[in-house]
Structure formats: C-alpha cells, structure tokens
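To start, the structure under review is shown below, and the notes come after it.
Computation of the quantities below employed the complete heavy-atom set of this structure, encompassing side-chain atoms and omitting hydrogens, waters and symmetry-equivalent molecules.
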Amino acid sequence: MSIITESANRCFSGTQYVYSHDSSTLGCRMRFAAYVPDRLEGPAPTVLWLSGLTCTEENFTAKAGAQRVASELGIVVLAPDTSPRGEGVPDDPDGAWDFGLGAGFYVDATEAPWSGHYLMRTYVEQELRQLAVAELPVDDARVGISGHSMGGHGALTIALRSPERFRSVSAFAPICAPSFCPWGQKALGHYLGADRAAWREYDACALLEDGARVPEILVDQGLEDGFLGEQLMPERLEDACKAARVPLELRRQPGHDHSYFFVASFIEDHLRWHAERL
C-alpha cells in the first residue's frame, strides 16, 4: 500500500497532513487526514476520529481545534472520510443528505448496489489502520476511537466489537440506537436489508445487550441539539450501559447544539481522557 500527500501544513508543533490512496476495500480513491506531532520518540498513541453525516476528513481537521492539544500530548489523530466516493459509487437516488455519499454509517453493506463499495467497517477497522501503522508513526497497540453523530455511532460500535484493538472510546452526540431512529432505520435498512437481526452488530445498545463490553465510555451531548430526542437517544445508551455494568460518563452540556462549535468546546477533554488510557 502507498499513500500520496495531498497537503501538509505546519500547525502548532506538528504537521497536519491530508493523504489519498487507492482503497482495495472500497474500490475507489480515498482521502484521510493525519495530524502528526513533532519529536515523537517512536510509534505514538493514536486517536481515530470518525465524522458524521455529510462530512469529509476536512470537517474535523479544520473545525475541531484538536491539533494544539494533540501536539502537547504527543498523540497522532487520524480522520478518514465518511464514505466511498468517485465515479461508479452509488448515491441516494433522490439526492438525500442522510444516505449514500457522506453517509456510509461505518457498516459493511450487504445489499445491492451498496455492497460493491460501501464497506466502511472493514475500511476503518482493517485497511486504514494497517495503512496508518505501515506509513505513519502509529502504535498499533495504543489506539483509541472517537467520533461525532454518525461517527459517534461508528466509534461506539467499532470499539464494542473489537475492545482488544481499541483501548479507549468516546463520542460526541452519537446515534446511540440506530435501530430505533429514522436516520439509522433508513441506513441499516438500505445497506443491510430488512432483517433487523443483522442490524444488531451496528447498534451500540444492541451490542451491549448481546454481551459486548468495553472498560468505560465517555459521551458528551448538547442539550440544545435539535436531533437529541428523535435521532440520538442517549438515554437508551445510558440504560444499556447500566444493565451491562459498563461505566458510562454521559455529560449533558446545557446550551450546546450539534455543531462543531460543540465539538471544539470539549475536544480537549476527550483527547486528555484518551491520553490517560493510551
């Protein structure tokens, strides 16, 4: 595997890179961002960030303000795109923003026409991680995962499925129970088909119910988030963690919405939390 440097910008005591590569998993060219601090003493602890609906690798990189703290802590931060893209990659036929391009939901699709390209689970869990370890100063034994909204859903489900590979997990305004919300029902129904049993490995609450465990979870949720009640359902995650005896720190933040202003307000807390565990 090889990567092409699309951009490299000095930022605090490090460099913000954007790379591209040909993905064998997704069958298209993909981009991902990587912030690499200076003067690392070898492979470094790494936080993998998964963005939400409509986003690319650029949203977190430009808006979250993570670089200063990542540099201080000596943490590499990886941020992939949210879906396959390019000629031949199918999109929502009606042009909807909550499905298709920019909305891969971090699943491995099994239904046509999505199954030919929409394999974001395998891309994030395997191909991107292997590529980062091979090409960047990433310690494969010290990787945490976080994300926002759809990406928070991805972070929770990936960590719950592979706790031995992700030593820490946090999320901002995650879609906690996609089997029960309109965004999730649309995505899982189209990507995976009508059998709701197949959806369970992509639903954090269902995974907890089925025995998946992680040491602990940190979640921030804005109380002025317009998607809170219908789409995000943090109370379901709270109940599932309590029943599974998984420690959950669910911080409800008054006045905060669903935007990257919210993410930027608390990203330092999350990076420091991951650093303590990595």
Side-chain angles (χ1 to χ4, degrees), residues 3 5-20 31-52 54-82 124 128-129 131-133 135-152 154-155 159 166-174 216-222 225 249 251 253-278:
I3 57 178
T5 303
E6 299 290 346
S7 63
N9 298 96
R10 292 293 299 159
C11 187
F12 295 99
S13 298
T15 304
Q16 179 65 64
Y17 295 97
V18 175
Y19 297 109
S20 66
R31 291 164 60 99
F32 69 94
Y35 180 74
V36 181
D38 294 342
R39 297 184 298 278
L40 296 175
E41 297 179 357
T46 299
V47 173
L48 175 59
W49 174 269
L50 303 181
S51 292
T54 75
C55 292
T56 69
E57 79 290 338
E58 184 178 13
N59 296 75
F60 176 80
T61 302
K63 295 180 178 180
Q67 292 90 346
R68 175 185 60 81
V69 180
S71 182
E72 175 194 331
L73 297 172
I75 289 179
V76 173
V77 181
L78 298 176
D81 200 348
T82 54
V124 169
L128 177 64
R129 183 167 178 151
L131 186 64
V133 170
E135 301 283 351
L136 300 171
V138 168
D139 183 349
D140 194 38
R142 293 187 293 164
V143 179
I145 190 166
S146 186
H148 174 227
S149 192
M150 177 185 72
F166 295 91
R167 286 173 53 175
S168 56
V169 57
S170 73
F172 290 77
E216 57 190 323
I217 301 170
L218 171 65
V219 170
D220 271 292
Q221 174 61 61
D225 190 324
E249 184 177 0
R251 308 193 311 182
Q253 303 292 359
H256 285 274
D257 57 19
H258 198 72
S259 71
Y260 263 89
F261 295 110
F262 160 61
V263 174
S265 298
F266 302 105
I267 191 64
E268 179 170 351
D269 292 354
H270 282 243
L271 289 179
R272 293 191 184 282
W273 188 87
H274 283 277
E276 291 175 358
R277 290 151 181 81
L278 297 176

*asked:* Within this structure, what is the CG-CG distance for the pair D139 and L278, rounded to the nearest 0.5 Å?
replied: 9.0 Å

_I want to check something: taking the side chain as every heavy atom from C-beta on, are W49 and I267 in contact at a cut-off of under 4.5 Å?_
yes

*Please find out if less than 6.0 Å separates the ring center of W273 from that of F266.*
no

*Between T82 (side chain) and S51 (backbone), is there a donor-acceptor pair under 3.5 Å?*
no

*Would a distance-only check, ignoring hydrogens and angles, find a side-chain to backbone donor-acceptor pair under 3.5 Å from S71 to Q67?*
no

_Run D81 and R31 through salt bridge (charged side-chain N to carboxylate O under 4.0 Å, His left out) and show every step you take._
CA-CA 6 Å; D81 200 348; R31 291 164 60 99; over 6 Å; no

*Between atom OG of S168 and atom CD of E276, what is the distance when rounded to the nearest 0.5 Å?*
10.5 Å

*Report the relative orientation of the aromatic rings in H148 and Y260; use parallel for angles under 30°, tilted for 30 to 60°, perpendicular for over 60°.*
perpendicular

*Check the pair E268 / R272 against salt bridge (charged side-chain N to carboxylate O under 4.0 Å, His left out), numbers first and verdict last.*
CA-CA 6 Å; E268 179 170 351; R272 293 191 184 282; 3.0 Å; yes

*Quick check: does any side chain N or O of R68 sit under 3.5 Å from a backbone N or O of F12, one acting as donor and the other as acceptor?*
no

_Checking E58 now: which residues fulfil side chain to side chain donor-acceptor pair (under 3.5 Å) with it, not counting sequence neighbours?_
none

*Mind checking what makes side chain to side chain donor-acceptor pair (under 3.5 Å) contact with S259, not counting sequence neighbours?*
D257

_Side-chain heavy-atom pair P80, L50 within 4.5 angstrom cut-off_ = yes

*To the nearest 0.5 Å, what is the distance between CG (L128) and OH (Y19)?*
12.0 Å

*Check for a donor-acceptor pair, side chain of R142 on one end and backbone N or O of P43 on the other, with a separation under 3.5 Å.*
yes

_Could you check whether any side-chain N or O of S146 sits under 3.5 Å from a backbone N or O of S170, counting only pairs where one atom can act as donor and the other as acceptor?_
yes

*Once the angle between the rings of F262 and F172 is folded into 0 to 90°, is it parallel (under 30°), tilted (30 to 60°) or perpendicular (over 60°)?*
perpendicular

*Does A44 offer a backbone N or O that forms a donor-acceptor pair with the side chain of T46 under 3.5 Å?*
yes

*asked:* Can you tell me how far apart CG (L48) and CG (L78) are? Round to the nearest 0.5 Å.
replied: 6.0 Å

